[in-house]
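Residues: numbered from 1 along the sequence shown.
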Amino acid sequence: MSAPTPTPRKTFGPLSLPERNFVAEALRTETVGGVLLLLAAVAALVWANSPALGDSYETVSHWHFGPESLGLNLSVAHWAADGLLAVFFFVAGVELKRELVAGDLRDPKAAALPVVAALCGMIAPAVVYTITAGGGGGSLAGWAVPTATDIAFALAVLAVIGTSLPSALRAFLLTLAVVDDLFAILIIAVFFTDQLNFAALGGAVVGLLVFWLLLRKRVRGWYVYVPLALVIWGLMYNSGVHATIAGVAMGLMLRCHREEGEEQSPGEHIEHLVRPLSAGFAVPLFALFSAGVAISGDALAKVFTQPETLGVVLGLVVGKTLGIFGGTWLTSRFTRASLSDDLAWPDVFAVATLAGIGFTVSLLIGELAFEDDATMTDSVKAAVLTGSLIATLLATVLLKIRNAKYRRLADEEERDEDLDGVPDIYEQDDPEYHLRMARILEEKAAEHRRLAKEKAAARDALAEVPGGAGDRHDGPA
């Protein structure tokens, strides 16, 4: 007797119900945050380019405050990039930990797709940038700028264009961005650390160890962890390692698996509290003081003529799309995974195009890559905005073409005919669901039979009335 053939795993098939609920909540927060991020970016551009406001944007951005004795007398823009983004990366660390212990990344087979797609989606833009900038005689320092995807901005675009993208593709985009953030963190830590202050770095490591021990001992209280987190952040900043690494490290230390009797793990609970702060305040404020670049016809023309800026645009629009789509196709081609029956490869291509929106982390890396050249920093920021806008327009067109199909899939995912609060697609293997549906259909059938008898009796009664509708003659008298 031959062994049974394993059922091929479906790529972008329906999510499990707990994962679907988590993704839905995360996406709602990220979408709202993305809209705020979009508004902040527009406000920054208007502020920086408004003649009536003069140089106030630069004045506010470069205004310094903070304790100089602790090495923390920073500009407003610097506080936004190093301080507020630490909150963003803290949430990214918690998301990554949750994915590793309770989400899709805990299963190596399921993790292969987003990991390979994210990795290819970072290598390809770096290669495109290197070829473009190197071939044109430009600086290769910005190779990492187009490697990051901004999930909040991407989801804001989805909200604005009103597409009903299936939850599996949205979850893929979210998981892809989590892995993308991890690689971006590694790039920042490895390639943008110049001189190390080992005393401060040692202090940060000791602080992280204390943080971990307190978590292990189940010590509770924000008044313990928040001051400790600030100390760790300050030491990490003074160590020469980018301060956002402190946020990631603390996020990865939180416990994200549920123990008996817990509705939420500590990591999920804290992420639920901090994510709105990150998406609704920290990231938009960073955008407000990072996206304000002078826009003119000459500046936009330079985006497509300077090798560095052209490399950023092509990296985001071409490199990201081809890298993510190619990585996804290769994973499906050389594993047992197959594409979901309801989706086609153009859908994956559209999502890959959407991932070309690189905003928050791309702006941060652009500042780090060209921190000694303010003119090039502004040009690279303009290139990031231009590339993200082009990716947005392309993704909008591609997603709109298939939007009717997405609406039908979304309706299928949300249908709850037995009204028990659980979508029907998650109850197909539950006998009780089918018994409930049988009762509902029997009640509907009985109601239709009753109505049929009433209509038939009414029609027969009308036909028996002399001069009624049954005896009506429409001919001439």
Original post:
Stepwise, does the side-chain contact (heavy atoms from CB on, under 4.5 Å) test hold for Thr396 with Thr392?
Top reply: CA-CA 6 Å; Thr396 298; Thr392 297; 4.1 Å; yes

**OP:** Write down the atom of Val384, the atom of Leu316, and the distance for their closest heavy-atom approach.
**Re:** O-CD1, 3.9 Å

Original post:
Are the side chain of Trp233 and the backbone of Asp82 linked by a donor-acceptor contact shorter than 3.5 Å?
Top reply: yes

Original post:
How many angstroms lie between atom CG of Asp347 and atom CG of Leu398, to the nearest 0.5 angstrom?
Top reply: 10.0 Å

Original post:
Are the side chain of Ser56 and the backbone N or O of Leu53 linked by a donor-acceptor pair below 3.5 Å?
Top reply: yes

**OP:** Can you see which heavy atom on Ala124 is nearest to which on Gly323, and at what distance?
**Re:** CB-CA, 3.7 Å

Subject >> Leu176 vs Ile324 side-chain heavy atoms within contact, under 4.5 Å >> reply: yes

Original post:
Under 4.5 Å between any side-chain heavy atoms of Val361 and Phe89, yes or no?
Top reply: yes

Original post:
Which residues pass the salt bridge (Lys or Arg N to Asp or Glu O under 4.0 Å) test with Glu262, sequence neighbours left out?
Top reply: Arg255

Original post:
Shortest non-hydrogen contact from Asn238 to Asn197?
Top reply: O-CB, 3.4 Å

Subject >> Ser332 and Trp345, any side-chain heavy atoms less than 4.5 Å apart >> reply: yes

Subject >> Ser388 side chain vs Gly358 backbone, donor-acceptor pair below 3.5 Å >> reply: yes

Original post:
Do Leu228 and Val210 have side-chain heavy atoms sitting under 4.5 Å apart?
Top reply: yes

Subject >> All salt bridge (Lys or Arg N to Asp or Glu O under 4.0 Å) counterparts of Lys381, not counting sequence neighbours >> reply: Glu367

Original post:
Do Thr377 and Glu371 have side chains that get closer than 4.5 Å, going by heavy atoms?
Top reply: no

Original post:
Once you round to the nearest 0.5 Å, how far does CG of Leu254 lie from CD of Glu271?
Top reply: 9.5 Å

Subject >> Glu263 and His269, any side-chain heavy atoms less than 4.5 Å apart >> reply: no

**OP:** Mark yes or no for whether Thr132, through its side chain, and Tyr129, through its backbone, hold a donor-acceptor pair below 3.5 Å.
**Re:** no

Original post:
Hey, are the side chains of Phe211 and Met253 touching, using non-hydrogen atoms and a 4.5 Å cut-off?
Top reply: yes

Subject >> Under 3.5 Å donor-acceptor, Thr309 side chain and Lys302 backbone >> reply: yes

Original post:
Can you say whether the rings of Phe334 and Trp329 are parallel (under 30°), tilted (30 to 60°) or perpendicular (over 60°)?
Top reply: perpendicular

Subject >> Inter- and intrachain pairs under ring-ring contact (aromatic ring centres under 6.0 Å, His included), touching residues 281-312, at least two apart >> reply: none

**OP:** Identify the two heavy atoms, one from Ala391 and one from Ile357, that lie closest to each other, and give their separation to 0.1 Å.
**Re:** CB-N, 4.1 Å

Subject >> From CG (Leu385) to CG (Leu300), nearest 0.5 Å >> reply: 10.0 Å

**OP:** Would you give the length of the straight line joining atom OG1 of Thr305 to atom CG of Leu310, rounded to the nearest 0.5 angstrom?
**Re:** 8.5 Å

**OP:** State plainly whether the residues Arg258 and Glu268 are in salt-bridge range, i.e. N to O under 4.0 Å.
**Re:** yes

Subject >> Ring centres under 6.0 angstrom apart (His78, Tyr237) >> reply: yes

**OP:** Just jot down the side chain to side chain donor-acceptor pair (under 3.5 Å) partners of Thr360, sequence neighbours excluded, or say none.
**Re:** Asp150

Subject >> Smallest separation among heavy atoms of Gly319 and Val128, with atom names >> reply: CA-CG2, 3.9 Å

Original post:
Can you list every pair that meets side-chain hydrogen bond (donor to acceptor under 3.5 Å, both in side chains) and has a residue in residues 207-232, with sequence neighbours left out?
Top reply: Arg218-Glu259

**OP:** Go through the steps to decide whether Arg275 and Val94 satisfy the test side-chain contact (heavy atoms from CB on, under 4.5 Å), and finish with yes or no.
**Re:** CA-CA 10 Å; Arg275 185 190 286 275; Val94 179; over 6 Å; no

Subject >> Set of ring pair (Phe, Tyr, Trp, His ring centres under 6.0 Å) partners for Phe349, sequence neighbours left out >> reply: Phe325

Original post:
Roughly how far, to the nearest 0.5 Å, is the CG atom of Leu399 from the OG1 atom of Thr353?
Top reply: 8.0 Å

**OP:** Evaluate side-chain contact (heavy atoms from CB on, under 4.5 Å) for Ser139 paired with Phe370, printing each intermediate quantity in order.
**Re:** CA-CA 10 Å; Ser139 170; Phe370 298 101; 3.9 Å; yes

Original post:
Judged by atom type as modelled, is there a donor-acceptor pair below 3.5 Å linking the side chain of Thr149 to the main-chain atoms of Ala355?
Top reply: yes

Going by atom type alone, with no hydrogens or angles, which donor-acceptor pairs under 3.5 Å involve a side-chain atom of residues 62-71 and a protein atom two or more places apart or on another chain?
{"residue": "His62", "atom": "ND1", "partner": "Glu58", "partner atom": "O", "Å": "2.9"}
{"residue": "His62", "atom": "ND1", "partner": "Glu58", "partner atom": "OE1", "Å": "3.2"}
{"residue": "His64", "atom": "ND1", "partner": "His62", "partner atom": "O", "Å": "2.9"}

Original post:
Can you tell me how far the CG atom of Leu45 sits from the CG atom of Leu288, to the nearest 0.5 Å?
Top reply: 10.0 Å

**OP:** Under the side-chain contact (heavy atoms from CB on, under 4.5 Å) rule, collect the residues that match up with Phe191, sequence neighbours excluded.
**Re:** Trp143, Ile187

Subject >> Ile232 and Leu208: CA distance, side-chain angles, deciding distance, side-chain contact (heavy atoms from CB on, under 4.5 Å) verdict >> reply: CA-CA 7 Å; Ile232 294 170; Leu208 288 171; 3.8 Å; yes

Original post:
Side-chain contact, heavy-atom cut-off 4.5 Å: Ser278 with Val283?
Top reply: yes

Original post:
Residues two or more places apart in sequence or in another chain: which of them pass side-chain contact (heavy atoms from CB on, under 4.5 Å) with Val274?
Top reply: Val87, Phe90, Val91, Ile270

**OP:** Would you please name every residue forming a side-chain contact (heavy atoms from CB on, under 4.5 Å) with Pro307, sequence neighbours left out?
**Re:** none

Original post:
Can you list every pair that meets salt bridge (Lys or Arg N to Asp or Glu O under 4.0 Å) and has a residue in residues 304-321, with sequence neighbours left out?
Top reply: Asp180-Lys320

Subject >> side-chain contact (heavy atoms from CB on, under 4.5 Å) against Ala287, all qualifying residues, sequence neighbours excluded >> reply: Leu37, Ala40, Phe359

Original post:
Which pair of heavy atoms, one from Ser75 and one from Ser61, lies closest together, and at what distance?
Top reply: CB-O, 3.4 Å

**OP:** Verify, without hydrogens or angle tests, whether Ser362 (side chain) and Val145 (backbone) share a donor-acceptor contact under 3.5 angstrom.
**Re:** yes

